[in-house]
Amino acid sequence: MQVDVYGDTLCALVSATALASTGNQVLLHLPEGAHAEQLMRGECPFREPGLADLMTEQQEAGRLLLTSLEAAPQVPGGVIWLALNPDMPAEAQALIGALPERCTRRWLVVNQSTFAVGSSELLQQALLECEAPVADPGAVVSLPDLLIEGNALQSFMRADSWLLGADANWARQLVTELLRPFNRRRDAIMPMRPREAEFTKLAITGMLATRLSYMNDMANLADSLDVDIEQVRQGMGADRRIGDAYLYPGCGFGGLSFSRDVMSLASTLQGSGMAAQLLDEVLNINERQKEVLFRKLWRHYGTNLRGRKVALWGIAFKPESSRINNAPALKLIEALWAQGVEVHVHDPRALGSLAQWAGEREDLVLHQDPYAAVAGADALMLVTEWKAYWSPDLTRLHELMATPLLLDGRNVWDPEFMKQNGFAYYGIGRR
């Protein structure tokens with residue numbers, strides 16, 4: 001098939017690349033901006049495993065081409081795939097409104113953009129209201145973005161589920177055919193109405209955020225009760241009614257899409273006249289949790305932090321990502337700066353993003369070597385659970401640090417083992 005993908009989001013790049021890899025001819029329409037400039041230079045703006053290599057491979061094969069947002073689609077009456085930023089619903093409607101002018105057969109519009117609930121219906125109305133040269137100008141279906149950042153390509157090509165919101169049978173069948181190469185192990189496509197698909201996407205994110213914040217609350221309570229939250233987590237996860245997904249306490253969640261979707265769901269509830277008390281509290285708990293390591297450090301040193309040196313391992317909002325959108329590390333760094341702390345940071349991928357966020361500062365030092373970051377440090381905070389941090393050289397770490405103090409924001413280290421090796425250790429709800 002010939003598919004025109006619109007957007008410069010991670011979802012747009014993954015969708016375009018994956019669809020091209022199965023033999024489709026894909027034209028990726030890019031809005032003006034930094035991402036478009038990088039892509040035109042042959043650079044991938046997202047550090048996602050396998051994405052850059054597969055993009056290059058598909059471009060070299062001629063199946064993936066780049067153009068501007070305003071460029072005409074490849075064929076009149078083809079597949080339009082929208083994966084635009086959430087702040088571009090007006091641009092999406094304008095784009096759809098212009099399509100029938102070039103139409104000789106009906107369009108299929110696949111909306112992956114995370115707009116408000118009901119947006120696909122508005123796009124459908126925009127399609128129907130235009131003066132099209134055919135009686136049926138086409139259909140708009142909703143296929144919400146369920147990508148897992150840090151594993152985005154695989155979460156598209158081996159999706160656990162697809163939420164396919166479609167009213168027209170022919171449109172549902174055509175999308176099913178497009179997804180067939182990624183849907184062979186079992187039928188993961190769940191048909192529903194467009195509005196239901198859009199709401200399900202937000203409801204999923206809200207539930208995951210609620211589980212995370214609930215476990216963080218339980219971990220903070222465990223601290224005061226002399227209870228090891230790891231034992232509690234395993235016990236809860238063993239209950240089949242609960243399961244173990246998203247039960248890991250930590251120093252807060254981040255990510256642009258995740259946080260934005262939770263806020264969008266809360267806004268939707270409030271807009272409908274319903275109180276969003278639960279989700280508001282979920283977001284409040286998460287913001288408080290981003291400072292939990294700072295509070296533990298503050299108490300350890302008796303509120304005297306000025307002039308100290310603290311190392312952070314990991315500042316990306318999650319492993320395998322270079323993005324720091326709403327990352328817990330940002331609020332933590334700001335709290336440390338406010339107390340006159342010199343912050344030294346290592347991260348395998350996100351140092352460039354941090355440098356852009358922070359600018360030139362004397363109290364922020366970026367390191368390419370994790371052990372260089374801890375030299376002379378009064379504490380080491382593990383904020384992002386990169387695998388490279390799970391088994392550090394403890395002898396070297398102890399020798400390098402001014403004070404052997406570890407604050408484990410992801411509970412990846414064993415408290416007793418760390419103490420046996422001469423470290424003071426604080427986890428999240430660990431005894």
Exercise. So, Ser119 and Glu198: side-chain donor and acceptor under 3.5 Å apart, yes or no?
Worked result: yes
Check your understanding: Between the side chain of Tyr371 and the main-chain N/O of Asp393, is any donor-acceptor distance below 3.5 Å?
Key -> yes
Flag, side chain of Asn411 to backbone of Ile428, donor-acceptor distance under 3.5 Å:
yes
The reported gap from CD1 in Ile315 to CG in Leu354 (rounded to nearest 0.5 angstrom) is 4.5 Å
Taken in chain and number order and not counting sequence neighbours, the residues that satisfy salt bridge (charged side-chain N to carboxylate O under 4.0 Å, His left out) with Lys318 are none
Minimal heavy-atom distance between Ala316 and Thr384, with the atoms involved, is O-OG1, 2.6 Å
Please answer whether the main-chain N or O of Ala36 pairs with a side-chain N or O of Asp8 as donor and acceptor at a distance below 3.5 Å.
no
task: Give a yes or no on whether Phe182 atom CZ has more than 12 heavy-atom contacts from other residues, nucleotides or ligands under 6.0 Å away.
output: yes
- Query: For Arg158, does the CZ atom sit with more than 12 other heavy atoms under 6.0 Å from it, leaving out its own atoms?
  - Reply: no
Item checked: Full working for side chain to side chain contact (heavy atoms under 4.5 Å, CB included) between Val26 and Leu65 -> CA-CA 6 Å; Val26 179; Leu65 304 176; over 6 Å; no
Can Gln58 and Arg63 be counted as having a side-chain donor-acceptor contact under 3.5 angstrom?
yes
Quiz item: Just by distance, do the side chain of Ser155 and the backbone of Leu147 share a donor-acceptor pair under 3.5 Å?
Solution: no
Task: Contact check, side chains of Pro86 and Thr9, non-hydrogen atoms, under 4.5 Å - done: no
Interatomic distance, OH@Tyr425 vs CE@Met418, rounded to 0.5 Å, equals 7.5 Å
Glu57 atom CD, over 12 foreign heavy atoms within 6.0 Å: yes
Checklist line | Polar side-chain atom of His398 near backbone of Gly422 as donor-acceptor pair, under 3.5 Å | finding: yes
### Query
Below 4.0 angstrom, N of the basic side chain to O of the carboxylate: do Asp167 and Arg172 qualify?
no
* Asked: Distance-only, no hydrogens or angles: does the Trp386 side chain make a donor-acceptor pair with backbone N or O of Pro348 under 3.5 Å?
  -> no
Practice problem: May I ask you to test the Thr210-Leu279 pair for a side-chain heavy-atom distance under 4.5 Å? | Solution: yes
Judged by modelled atom types alone, do Asn111 and Ser120 share a side-chain donor-acceptor pair under 3.5 Å? yes
>> Check Glu320 with Lys387, please: is the shortest side-chain N to carboxylate O separation under 4.0 Å?
In response: no
Taking every heavy atom of Arg211 against every heavy atom of Tyr246, the minimum-distance pair comes out as CB-O, 3.5 Å
Indicate yes or no: at least one non-hydrogen side-chain atom of Arg195 is less than 4.5 angstrom from one of Glu121. yes
Next on the checklist: Under a 3.5 Å threshold, yes or no: a donor from one side chain and an acceptor from the other, between Trp81 and Gln112?
Outcome noted: yes
### Any donor-acceptor pair under 3.5 Å from Ser113 side chain to Phe115 backbone
no
**Q.** Residues Arg396 and Glu399 bridged, charged N to O under 4.0 Å
**A.** no
Close side-chain approach of Trp313 and Val383, heavy atoms under 4.5 Å:
no
When rounded to the nearest 0.5 Å, the distance separating CG of Leu212 from CG of Asp217 is 12.0 Å
Next on the checklist: For Arg184, is the CZ atom crowded, meaning more than 12 foreign heavy atoms sit under 6.0 Å from it?
Outcome noted: no
*Start with the C-alpha distance between Val3 and Leu178, add both sets of side-chain angles, then the distance that settles side chain to side chain contact (heavy atoms under 4.5 Å, CB included), and finish with yes or no.*
CA-CA 10 Å; Val3 184; Leu178 267 172; 4.0 Å; yes
Salt bridge or not for Glu334 and Lys331, using N-O below 4.0 Å? no
Scanning both residues in full, the closest heavy-atom pair of Asn326 with Lys290 reads O-NZ, 3.0 Å
message = Given 3.5 Å as the limit, does a donor-acceptor pair link the side chain of Asn421 with the main chain of Phe417, or not?
response = yes
Would Arg308 and Glu342 pass as an ion pair if we require N to O under 4.0 Å?
no
- Non-hydrogen side-chain atoms of Leu382 and Arg410 separated by less than 4.5 Å: yes
Report task. Run the numbers on Val345 and Leu364 for side chain to side chain contact (heavy atoms under 4.5 Å, CB included), then give the verdict. Result -> CA-CA 8 Å; Val345 177; Leu364 176 66; 3.8 Å; yes
>> For a 4.5 angstrom cut-off between non-hydrogen side-chain atoms, does Met1 reach Leu174?
In response: yes
query: Got Val110 and Val140 here, is their nearest side-chain heavy-atom distance under 4.5 Å?
result: no
Under 3.5 Å, is there a donor-acceptor pair linking the side chains of His35 and Glu37? no
Exactly one of Leu13, Leu19, Thr67, Thr17 clears side-chain contact (heavy atoms from CB on, under 4.5 Å) with Leu28, and that residue is Leu13
Fill in: Criterion side chain to side chain contact (heavy atoms under 4.5 Å, CB included) on Tyr426 and Asp408, from CA distance to verdict
CA-CA 6 Å; Tyr426 297 94; Asp408 182 358; over 6 Å; no
_If we count only N and O atoms by modelled type, under 3.5 Å, do the side chains of Gln289 and Asn220 hold a donor and an acceptor together?_
yes
- Message: Is the distance between the ring centroids of Trp162 and Phe156 under 6.0 Å?
- Response: yes
Next on the checklist: Whether the Gln234 and Glu230 side chains hold a donor-acceptor pair (N or O, under 3.5 Å, no angle test) is what I'd like checked.
Outcome noted: yes
When you measure from the side chain of Lys419 to the backbone of Asp414, do you find a donor-acceptor pair of N or O atoms at a distance under 3.5 Å? no
Taking every heavy atom of Gly429 against every heavy atom of Ala222, the minimum-distance pair comes out as O-CB, 4.0 Å
| request: Using only heavy-atom distances, determine whether the side chains of Tyr389 and His346 contain a donor-acceptor pair under 3.5 Å. | output: yes
Heavy-atom nearest pair, Ala379 first then Leu407, reads CB-CD1, 3.8 Å
Here the gap from Asn151 atom CG to Glu48 atom CD, rounded to the nearest 0.5 Å, amounts to 7.5 Å
Tell me whether Arg430 is salt-bridged to Asp228, with the criterion being a basic N under 4.0 Å from an acidic carboxylate O.
yes
- Message: Can you tell me if Asp160 has over 12 outside heavy atoms packed within less than 6.0 Å of its CG?
- Response: no
Note to self: Does any part of the side chain of Ile80, heavy atoms only, come nearer than 4.5 Å to the side chain of Leu108, both counted from C-beta?
What the structure shows: no
Exercise. Between Asp4 and His29, is any side-chain donor less than 3.5 angstrom from a side-chain acceptor?
Worked result: yes
To the nearest 0.5 Å, atom CD1 of Ile285 lies from atom CG of Asn216 at 8.0 Å
